Each structure stands twice: as C-alpha cells, then as structure tokens.
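For reference, the structure is listed below as structure tokens.
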Amino acid sequence: MDQSKPLKVRLTFSVILVGISLLFAAVVTDHWAVLSPSVEDNTTTCEAAHFGLWRLCTKRIFMQEQGPREKSCGPISLPGDHNCSYFKHFTPGETSEIFEVTTQKEYSISAAAIAIFSVGFAIIGTICVLLSFRKKRDYLLKPASMFYTFAGLCIIISVEVMRQSVKRMIDSKETAWIQYSYSWSFACACASFVLLFVCGIALLLIALPRFPQNPWETCMDAEPEH
C-alpha cells in the first residue's frame with residue numbers, strides 16, 4: 001500500500017473544502033452580475049442593480065462624471081438607497097419586474113436548480129470522504145471523486161446559464177439595462193468549478209490502485225501460501 005496515499009487524500013480534500021466554500025459563497029450571495037441603465041444628461045441619480053440566483057438588489061446612486069461628455073452610473077459600491085427583493089417566481093409575494101419576462105424567469109430558475117444540484121453533489125462527496133477516513137473504507141473515495149466532479153460540472157453549467165441570462169437581458173428591449181459586468185460571486189463560482197473538477201479527478205487517480213512498476217512486483221507482493 002502506498003504510504004503517502006492518506007497524506008495525498010487529506011491535501012486534496014483540503015483544496016476541495018476551499019472549492020466548496022467558494023461554491024457556497026457563490027450560491028448564497030447576489031453579486032453575480034452588476035447592471036447599469038442608460039443615463040440621461042439632465043439627471044443626477046441613476047438606479048444600478050446587482051443580482052444572484054435568488055434575488056435582485058437595486059441602488060439609487062449619484063452618477064459619476066468621467067469626462068465632459070461621458071457619464072456612468074456607479075460604481076455600485078457608492079452610497080445610496082439600497083433595496084433587495086427575492087425573485088417573484090421564488091416568493092410570489094415579492095415583486096421583481098426585471099425578471100417578469102418569461103425567458104428570464106426560465107433562465108433564473110434553471111441556474112438556481114442546477115446550482116442546488118451542485119451543492120448536493122458536494123455535500124454527498126464530503127460525507128463519502130469523511131467516512132473513508134475510517135479503516136478499510138478507501139473504496140468510498142471513488143464515488144466521492146465523481147460527486148465532486150459532478151458538482152464542478154453543475155456549477156459551471158449554472159454559470160453559463162446565468163451568463164446567457166444576463167446577455168439576453170441586456171439585449172432585450174423590455175429592460176432599461178444597457179451595460180453589465182460580472183462581480184465577485186460569479187468569480188467564486190468559476191473558481192469553485194476549477195477546484196472541484198480538478199481535485200475530483202485528482203482524488204479519483206489517488207483512489208485507483210497503484211499499477212506495478214515492474215513485471216515481477218505483483219508476484220513479490222503476493223501473500224505466501226501456507
């Protein structure tokens with residue numbers, strides 16, 4: 001048995017925990033994308049927005065002048081009146097006009113549902129790894145690695161669905177948003193995909209039995225007959 005295998009498993013699991021933390025941060029926060037509306041010349045305030053998988057937050061802030069003819073709404077970190085509401089399709093009592101379009105509603109529900117699958121796979125994988133730390137349960141590392149890989153794939157699919165949602169929202173004539181940028185929750189989701197997918201593959205390779213380096217190694221390692 002490879003004496004360094006337990007150490008490799010623990011190091012890989014430590015990196016996976018970082019990926020899971022980033023995954024949870026991306027799922028529960030609402031800074032996936034920042035939206036900016038068109039700016040009129042005679043206005044001093046504008047309403048920017050940021051949103052995630054579950055809710056939309058708007059902020060009325062003062063416009064920032066960048067030049068004699070150029071103005072922009074934001075940055076959104078500036079102080080202003082802040083208002084957040086969960087999407088109407090998740091909480092029927094809330095209002096969120098920006099997602100009233102059927103296409104945006106479907107994209108939003110799909111991204112949230114796929115992200116929930118990703119969290120579920122990550123939790124099941126973690127349970128398998130913790131159980132594998134007991135003696136003679138190394139076989140649980142293989143399904144755990146697959147669950148982590150599936151979790152990474154699910155969150156990157158959710159990222160792509162959200163990206164398409166933002167793009168369609170900007171292109172739609174029914175919304176006032178004309179500019180967008182991705183924020184730190186989006187970056188957390190992308191980083192969690194890299195860590196979970198890569199470490200899931202690495203954990204699978206660690207869990208696989210070591211191939212003999214020499215043709216006679218298997219015979220020499222065999223238990224003697226009594």
Side-chain angles (χ1 to χ4, degrees), residues 1-34 50-57 84 86-87 89-91 105-166 182-211:
M1 178 179 178
D2 188 1
Q3 298 297 328
S4 62
K5 181 177 179 179
L7 178 60
K8 293 178 181 178
V9 171
R10 283 171 169 78
L11 289 176
T12 305
F13 183 57
S14 299
V15 180
I16 288 175
L17 290 179
V18 176
I20 294 176
S21 300
L22 293 173
L23 173 63
F24 275 97
V27 171
V28 301
T29 56
D30 44 37
H31 287 266
W32 283 62
V34 178
H50 63 86
F51 69 96
L53 296 172
W54 314 105
R55 67 176 186 171
L56 169 76
C57 296
C84 293
Y86 288 91
F87 295 142
H89 43 269
F90 293 128
T91 54
K105 176 180 178 180
E106 293 175 352
Y107 273 95
S108 177
I109 294 176
S110 299
I114 297 172
I116 290 298
F117 276 109
S118 178
V119 172
F121 284 137
I123 292 175
I124 297 175
T126 302
I127 294 174
C128 291
V129 171
L130 294 178
L131 291 176
S132 72
F133 288 157
R134 298 184 180 183
K135 293 182 178 180
K136 298 182 179 180
R137 292 192 176 181
D138 290 345
Y139 60 88
L140 291 175
L141 292 176
K142 296 177 182 178
S145 64
M146 299 306 298
F147 282 126
Y148 286 133
T149 303
F150 293 153
L153 292 175
C154 284
I155 193 60
I156 198 61
I157 293 174
S158 180
V159 165
E160 178 60 23
V161 172
M162 181 65 72
R163 194 182 69 85
Q164 293 295 329
S165 175
V166 173
Y182 297 111
S183 191
W184 57 269
S185 297
F186 188 88
C188 287
C190 295
S192 67
F193 157 70
V194 175
L195 294 180
L196 291 174
F197 185 81
V198 173
C199 290
I201 298 299
L203 188 62
L204 178 61
L205 296 177
I206 295 172
L208 291 175
R210 187 174 64 90
F211 292 101

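What you see is a predicted model, and the numbers here were worked out from it, not measured in a lab. When a residue number appears, it is its place in the shown sequence, counting from 1. Hydrogens, waters and symmetry mates are skipped; everything else that's a heavy atom, side chains included, is used.
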Could you state the interatomic distance from [atom1] ([X]) to [atom2] ([Y]), rounded to the nearest 0.5 Å?
X	Y	atom1	atom2	result
Arg163	Ile156	CZ	CD1	10.0 Å
Leu204	Ser145	CG	OG	4.0 Å
Ser21	Leu17	OG	CG	6.5 Å
Thr12	Leu195	OG1	CG	11.5 Å
Leu22	Trp184	CG	CH2	10.5 Å

message: Counting neighbours of OH on Tyr182 that are heavy atoms of other residues, nucleotides or ligands and sit closer than 6.0 Å, is the number greater than 12?
response: yes
task: Answer yes or no: are there more than 12 heavy-atom neighbours, outside Phe186 itself, under 6.0 Å from its atom CZ?
output: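 For Phe186, atom CZ is crowded (more than 12 foreign heavy atoms under 6.0 Å).
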- request: Side-chain contact test, heavy atoms from C-beta onward, threshold under 4.5 Å: evaluate it for Leu11 versus Val15 and give yes or no.
  value: no
- prompt: Can you tell if the side chain of Asp30 reaches within under 4.5 Å of the side chain of Phe51, non-hydrogen atoms only?
  reply: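 Of all side-chain heavy-atom pairs linking Phe51 with Asp30, none is under 4.5 Å.
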Check whether any side-chain N or O of [X] sits under 3.5 Å from a backbone N or O of [Y] as a donor-acceptor pair, and report yes or no.
X	Y	answer
Trp54	Ala112	no
Ser158	Cys154	no
Tyr139	Ala207	no
Ser165	Val161	no
Trp32	Val159	no

How close do [X] and [Y] get, counting heavy atoms only, and between which atoms?
X	Y	answer
Phe133	Val9	CE2-CG1, 3.9 Å
Ser185	Thr29	OG-OG1, 2.5 Å
Leu131	Leu140	CB-CD1, 3.5 Å
Ile206	Lys5	O-CE, 3.5 Å
Ala115	Ile155	CB-CD1, 4.4 Å
Ser192	Gly19	CB-O, 3.3 Å

- request: Just do the side chain to side chain contact (heavy atoms under 4.5 Å, CB included) check on Leu203 and Lys8 with the steps written out, would you?
  value: CA-CA 8 Å; Leu203 188 62; Lys8 293 178 181 178; over 6 Å; no
- line: Across all chains, not counting sequence neighbours, the side-chain hydrogen bond (donor to acceptor under 3.5 Å, both in side chains) partners of Ser132 are none
task: Under the side-chain hydrogen bond (donor to acceptor under 3.5 Å, both in side chains) rule, collect the residues that match up with Ser183, sequence neighbours excluded.
output: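 In terms of side-chain hydrogen bond (donor to acceptor under 3.5 Å, both in side chains), with neighbours along the sequence ignored, Ser183 is linked to no residue.
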- prompt: Does the pair Thr126 and Tyr148 meet the rule for a side chain to side chain contact (heavy atoms under 4.5 Å, CB included), with working shown?
  reply: CA-CA 8 Å; Thr126 302; Tyr148 286 133; 3.0 Å; yes
message: Working note: Leu196 + Ile16, criterion side chain to side chain contact (heavy atoms under 4.5 Å, CB included); need CA distance, chi angles, decisive distance, verdict.
response: CA-CA 6 Å; Leu196 291 174; Ile16 288 175; 4.0 Å; yes
